[in-house]
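Naming convention: chains lettered A, B, ... in sequence-line order (proteins, then strands); numbering from 1 in each chain.
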Number of protein chains: 2
Amino acid sequence: MAPDQDSAAGSLYRKVAADLREAITSGSFGDAGRLPAEGALAEQYGVSRGTVRQALALLRADGLVTSRRGTRRVVLGSARVQSFSELLSFTHWARSMGEEPGGRLESMVRRPADAAEREHLRLEPGTEVYAMLRLRTLSGTPVMVERTVYPPRVGELVAQLPPDAVSHTEPLREHGILFSDADHTIDVVGANADDARLLGCRRGSPLLREKRRTTDPTGTPVEWSQDRYLPGTVAFSIHNSLASSALSRHAREND
Amino acid sequence: MAPDQDSAAGSLYRKVAADLREAITSGSFGDAGRLPAEGALAEQYGVSRGTVRQALALLRADGLVTSRRGTRRVVLGSARVQSFSELLSFTHWARSMGEEPGGRLESMVRRPADAAEREHLRLEPGTEVYAMLRLRTLSGTPVMVERTVYPPRVGELVAQLPPDAVSHTEPLREHGILFSDADHTIDVVGANADDARLLGCRRGSPLLREKRRTTDPTGTPVEWSQDRYLPGTVAFSIHNSLASSALSRHAREND
DNA sequence: CGACGGAAGTTGGCTGGCCAACTTGGCCGC
DNA sequence: GCGGCCAAGTTGGCCAGCCAACTTCCGTCG
């Protein structure tokens, strides 16, 4: 597989960003070293300074470099996984770690949406949804219980997939369902009877919960999911900075 | 207090962004409505299209609007708290929710840094650090145990603060210690004896843990902290998109 | 020897312009 | 009536240039 599928695709500034990312990760500028000036990079890559700045904005958002007026940029950390697709797709994430992802479909039913689901998926009263319950494994060991609710248009496609399909997002993409934006909420919850049975833990034992709503490029919700992870298997990591940030901490709301 | 302290400060594109954010939140464009074209906004605000694009990039990163070539931007959600300072400062966050933040200093000691601390704070072997243990409350009720390790330069200042000081980040800012970038890792951990005693829960009961390393604009670490929250008091929420993102999920590493 | 000041270097911000890629809607032909 | 084609509208991307704000460093002066 091409490793640059996402990173160096298409635009010039992405190519420059991918190249700089590589250079930083391989330590070309030292650990806390300074990057060349924007002008120098522009000349080096044969692009305008604006393009270099677009590339550097990507690296800054990923927390690879600092940026402040008056000084060269400084290398902050190195190597961050490409995040969006890995956050959306358990399969993609697992493979990027060299693990073998698996999934066992527990149930898939079509039923009327409740109030909360209508709210999250922005559906009219009376609309039906497809509710899925799935156990996800990493190289054979159970790590997560996934409860996903799909609107009709998406659910119909998912329901037709073979029950042992590992990835759902990949086939969906081929049917024109695009995942573009997602909101995630992370907290702790106790295992209920189903969780305990599937994950092999005790009822009430703590699980890391991720609630997620995904929309397509037009803003239409395509997925509303609740994933519950066994502690010790995963953690979530975020970088934020004064310049840009995509994270917020907030009081718990009602489910 | 000026509510636009961060949002509309200084640059033109931030003012435009703040204005658009306000318009979106107040529903001027409808719930899933479409924004005016970039050109129209540029004319309306009397700025160039590039400046409008900078403003819209902020909104896109916050998940307020989509953006895709060929169509007008679409309103996604509305109203997201300003995230960076609220994520760094418990005090700031609490106040933005209308709660009264409190803190009780349990201990503050100066001691040699262990290997992990030297790694996180990028210190030379033999350097001493200031280790703090603090119970944080929201309107009187305990919600979080904070364990923070400071490098000497910062710790000396913190140690001089009165023990009942609610906010530490604000006085630090006045002494020239600037918080600029932070890496966060979120997972679940069981309460140890200290946690249980301070938070009033049982030993081993699940806590939401946030590990955080903060650096100043030069990339020098200024803080390494482990916060443990009682479940049900907080959750972390993140937005990410294909266009830009600051989040990644990864396998748990050793502490 | 230390403090102050200024010059050079660097990033932030903004403008104006151009073309390409893509979406949408309407028109036209079948 | 239906489907396909085309044009207008819109965002993505790139360039060249200019000035302001800020940092750093060095030389000078006390």
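Between the P atom of D:dG12 and the CG atom of A:L58 lies a distance of 14 Å, rounded to the nearest Å. Counting to the nearest Å, the P atom of C:dC14 and the CG atom of B:L56 are 14 Å from each other. Between the P atom of C:dC22 and the CZ atom of B:R69 lies a distance of 5 Å, rounded to the nearest Å. With rounding to whole Å, A:E38 atom CD is found 14 Å from D:dC15 atom P.
Around the CD atom of A:E128, the shell of radius 6.0 Å holds more than 12 heavy atoms that belong to other residues, nucleotides or ligands. The 12-atom threshold is not exceeded at CD of A:E119, counting heavy atoms of other residues, nucleotides or ligands nearer than 6.0 Å.
When the side-chain nitrogen and oxygen atoms of B:Y13 are compared with OP1 and OP2 of C:dC14, none of them lie within a distance under 4.0 Å. OP1 or OP2 of D:dT10 sits under 4.0 Å from a side-chain N or O of B:R72. Within the 4.0 Å cut-off from OP1 or OP2 of D:dC15, at least one side-chain nitrogen or oxygen of A:T51 is found. Put simply, B:S48 has a side-chain N or O that comes within less than 4.0 Å of OP1 or OP2 on C:dT15. OP1 or OP2 of C:dG12 sits under 4.0 Å from a side-chain N or O of A:R73. The side chain of A:T71 contributes no N or O atom lying less than 4.0 Å from OP1 or OP2 of C:dG9. Contact annotation: A:R49 side-chain N/O to C:dG13 OP1/OP2 distance is not under 4.0 Å. Taking side-chain N and O atoms only, A:R53 has a distance below 4.0 Å to OP1 or OP2 of C:dG12.
Out of C:dT23, C:dC14, D:dT10, the shortest distance to the side chain of B:R68 is found at C:dT23. If you check C:dT11, D:dC14, C:dC22 against the side chain of A:S67, the one that comes closest is C:dT11.
No hydrogens or angles considered: a donor-acceptor pair under 3.5 Å links the side chains of B:N240 and A:H184. In this structure, a donor-acceptor pair under 3.5 Å is present between the side chains of A:D227 and A:S225.
Across the interface with DNA chain C, nearest-nucleotide mapping of B:V52 and A:P36 shows A:P36 to be the residue nearer the 5′ end.
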